[in-house]
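Working notes, structure below.
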Number of protein chains: 2
Amino acid sequence: MAGRGRPREFDRNQALVRAMEIFWEKGFEGTSMVDLTSGMGIGAPSLYAAFGSKEELFRQAVALYVATDGSDIWGAISKADTAYGAVEGFLMETANKFTRAGKPSGCLVVLSALHSTDGNEALRSELVAKRRKNTADLAARLAKGIETGELPPGTDVDRLARFYVTVQQGMSIQARDGADRATLEEVARSALKAWGPLTMVSQGGQ
Amino acid sequence: MAGRGRPREFDRNQALVRAMEIFWEKGFEGTSMVDLTSGMGIGAPSLYAAFGSKEELFRQAVALYVATDGSDIWGAISKADTAYGAVEGFLMETANKFTRAGKPSGCLVVLSALHSTDGNEALRSELVAKRRKNTADLAARLAKGIETGELPPGTDVDRLARFYVTVQQGMSIQARDGADRATLEEVARSALKAWGPLTMVSQGGQ
DNA sequence: CCATTTATGAAATGATCGTTACATAAATAG
DNA sequence: CTATTTATGTAACGATCATTTCATAAATGG
C-alpha cells in the first residue's frame, strides 16, 4: 500500500464528513462547489480526484449518513425485543438525531431531492428507493411481531410501518422548522398512542 | 381603467397558475427563469414587468396556492362542527389535494425552501411562519373543542395540533414518493386512531 | 397625426455554475 | 541521480444563472 505519487494533504474521511454536513444543511442543488471546496478546505481538483464529481460526492455523503446517523436510527428497530419497542426506539432515536446542536436538523435522506429538476432523476430515485427500503425493513420487523404472538394475525404491518414512517418524515420538517428534541419526543409519544388501536384487527372508530 | 400603453398579450392569472405549478414541481431553487418563461409562454421582460422578479413571482405563487388548495385543506378545520371532524376533514382533504392527477404531489408550502442556502433566509422564514400559523390555527380550533365540552379541560391542544400537522407534513413526502390517495387516506385514518388516547387527560401507555 | 405609455422579442449583461488544463510540488521506483 | 506517479493551486473553460438594455409594436390622450 501507501501509493506512489505525492501524498494527499487532507484527510479523506474528515473531508467527507464536512461535505455530508454541507449537503445536509443546504441540499444537493443548494450546495455549490465553492461551498464544498471552502468547507472541506481543499481545491476543486483535489475534490474531483478523491470523489469523482459533485454528484458522486453526494452519493458518498449519503452513504456515510446512512452508515452513521441512519444506522443509529434504523438500527434501533432491530435492537428492540418487541415490535412496539422497535417503533418506540426508532422514533425516540429520531428525535435525538434530528435535533443535535451543531448538526443540521432533520434527515439528509428525507430532505434531499424532494423536487424533480432537470438532471436529478438518478439521485432522486436512489433516495426514494432508500426510503422505501427503510419502510419495508420496519414492516418486516413488525411482521416478526405477528410470529411471536405480540401482534394479532392479520395485522396490516405495511400500513403500520407506513404510518410510523410518515410521522418520522414529518419530524424532519418539524426539526427544520425549529422543533427541539423534547418537542419531537412528544410527537413520537403521540404517534405511539395509536399503537393500541392500530394493532387490534378491524376495530374501528374515534 | 384599461391602461394606456400596449395591452398585455397574456393572461396574468393563467400565467401565475402555470408558475405556481412549476415552482410546486421543481422548487424555488430548482426552477430556472427558462423553466418559467417557457412554461408560462412569455418572455423574461414580460415576467419582470408583471411580477417583479423570480422571488416575487414565487411569493405570488405561494399566495395563490394558499388561496386555493391551501384554503381547501385548512378551511376544512373551520367547516367541521367538531374538533375531531376538523382534524379528520383536514387530513382527508390533504389526501385528496396531495395526489391529484396532472398536479404536482404534496404541498407547495411544506416542500419549498426546506434548506438554508445563500439568499433564501427571507423566503424560508416566510414559509416557516406560514406553517407555524397553520399549526396555531388548528390548535385554536381544538381549543374550541374544550369550550364545547367535546374535549376534557386540560387537553394539550398544542401537542395535539403539532402531532397532526407533523403527520400531514409527512404525507407531503409520502405523496412525493408516489403514495396515492387511498394510501394517504389510510395514513390519515391511522393517525386518527390516536385521537381517543390523545384526548384523555394523562392516561398513558401502550 | 403626434406624443406618451406600456408590452414584447431578441440579445446582451455580469455573475456563478460544475468541471478541467496546466504548471508545479512531493512522493516512490529504479 | 532520473523517471514516474500522484496531488495541489491557479486559472481558465463553456454553460447556465437571474436580470436588464434596446429597438420595436400596440395601445390611449390630446
Side-chain angles (χ1 to χ4, degrees), chain A residues 1-16 18-19 22-23 25-62 112-113 115-124, chain B residues 1-16 18-19 22-23 25-62 112-113 115-124:
Chain A
M1 279 292 154
R4 284 223 289 203
R6 174 176 176 175
R8 181 179 287 138
E9 293 183 359
F10 63 95
D11 184 287
R12 209 197 113 104
N13 294 333
Q14 187 172 312
L16 181 56
R18 282 294 298 131
I22 296 166
F23 279 131
E25 174 71 28
K26 313 182 104 165
F28 175 69
E29 322 221 39
T31 299
S32 70
M33 281 297 300
V34 174
D35 292 330
L36 290 168
T37 53
S38 69
M40 300 164 80
I42 63 178
S46 298
L47 189 155
Y48 276 79
F51 301 104
S53 68
K54 183 193 170 188
E55 180 168 336
E56 267 309 309
L57 176 58
F58 180 79
R59 283 196 175 87
Q60 297 177 46
V62 169
S112 293
H115 296 284
S116 299
T117 59
D118 292 327
N120 274 71
E121 297 89 15
L123 277 185
R124 187 167 141 65
Chain B
M1 280 293 155
R4 284 220 290 204
R6 174 177 175 175
R8 179 178 289 138
E9 292 183 0
F10 63 95
D11 183 286
R12 210 197 112 104
N13 294 334
Q14 188 174 309
L16 182 55
R18 283 293 300 128
I22 296 166
F23 279 131
E25 175 71 29
K26 313 183 105 166
F28 175 69
E29 323 222 38
T31 300
S32 70
M33 282 296 299
V34 174
D35 292 330
L36 290 168
T37 53
S38 69
M40 300 165 80
I42 64 177
S46 298
L47 190 154
Y48 276 81
F51 301 103
S53 67
K54 184 192 170 189
E55 180 168 335
E56 266 309 309
L57 175 58
F58 180 79
R59 283 197 176 86
Q60 295 177 48
V62 169
S112 294
H115 295 285
S116 298
T117 60
D118 290 329
N120 273 71
E121 295 89 14
L123 275 186
R124 187 167 142 63

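Quick note on labels: first sequence line is chain A, next is B, and so on, each numbered from 1. Nothing here was measured: the structure is a model prediction, and the numbers come from that model.
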Q. Quick one: is the NZ or CZ of A:K54 closer than 6.0 Å to the six-membered ring centre of A:F23, and within 45° of its axis?
A. no

Of D:dC17, C:dT19, C:dA26, the nucleotide closest to the side chain of A:P7 is C:dA26

For a quick test of reading the model: is some side-chain N or O of B:S46 closer than 4.0 Å to OP1 or OP2 of C:dA7? no

B:I42 CD1 to D:dT19 P, in whole Å, measures 13 Å

Among the nucleotides D:dG9, D:dT21, C:dA7, whichever has the atom closest to the side chain of B:A49 is C:dA7

Separation of C:dT28 atom P from A:R8 atom CZ, nearest Å, is 16 Å

Here the distance between atom P of C:dT13 and atom OH of B:Y48, to the nearest Å, is 17 Å

Ranking D:dT19, D:dT4, C:dG9 by distance to the side chain of B:M33, first place goes to D:dT19

Here the distance between atom P of C:dC17 and atom CZ of A:F58, to the nearest Å, is 18 Å

Exercise for review: Look at the side-chain N and O atoms of B:R4 and state whether any lies under 4.0 Å from the OP1 or OP2 oxygen of C:dT4.
Suggested key: no

| message | For a 4.5 angstrom cut-off between non-hydrogen side-chain atoms, does A:Y48 reach A:M33? | response | yes

Of D:dT6, D:dC17, C:dA10, the nucleotide closest to the side chain of B:P45 is C:dA10

In whole angstroms, the gap separating C1' of C:dT6 from CZ of B:F51 amounts to 16 Å

Note: for B:D118 and B:G43 on DNA chain C, the residue whose nearest nucleotide lies more 5' is B:G43

Just so I know, are the side chains of B:F10 and B:R18 near enough to count as touching, which here means a heavy-atom distance under 4.5 Å? no

Please classify the nucleic acid contact of B:T31 as base, sugar-phosphate, or nothing, using heavy-atom distances under 4.0 Å.
sugar-phosphate

Separation of C:dT8 atom P from B:R12 atom CZ, nearest Å, is 12 Å

Rounded to whole Å, the CD-P distance (A:E56 to C:dT19) equals 11 Å

Is A:D11 close to A:L16 at the side-chain level, that is, under 4.5 Å between some pair of heavy atoms?
-> no

- prompt: So what does A:A44 hit on the nucleic acid, given a heavy-atom distance under 4.0 Å: a base, only sugar-phosphate, or nothing?
  reply: base

**OP:** Look at the side chain of B:R6 against the base of D:dA25 and say whether a donor-acceptor pair falls under 3.5 Å; ignore hydrogens and angles.
**Re:** yes

From the candidates C:dT19, D:dT8, D:dT19, the one with an atom nearest any side-chain atom of A:S53 is C:dT19

Rounded to whole Å, CZ of A:F10 lies from C1' of D:dA7 at a distance of 9 Å

Those residues at least two apart in sequence (or on a different chain) that pass side-chain contact (heavy atoms from CB on, under 4.5 Å) with B:A122 are B:E55, B:R59, B:E126

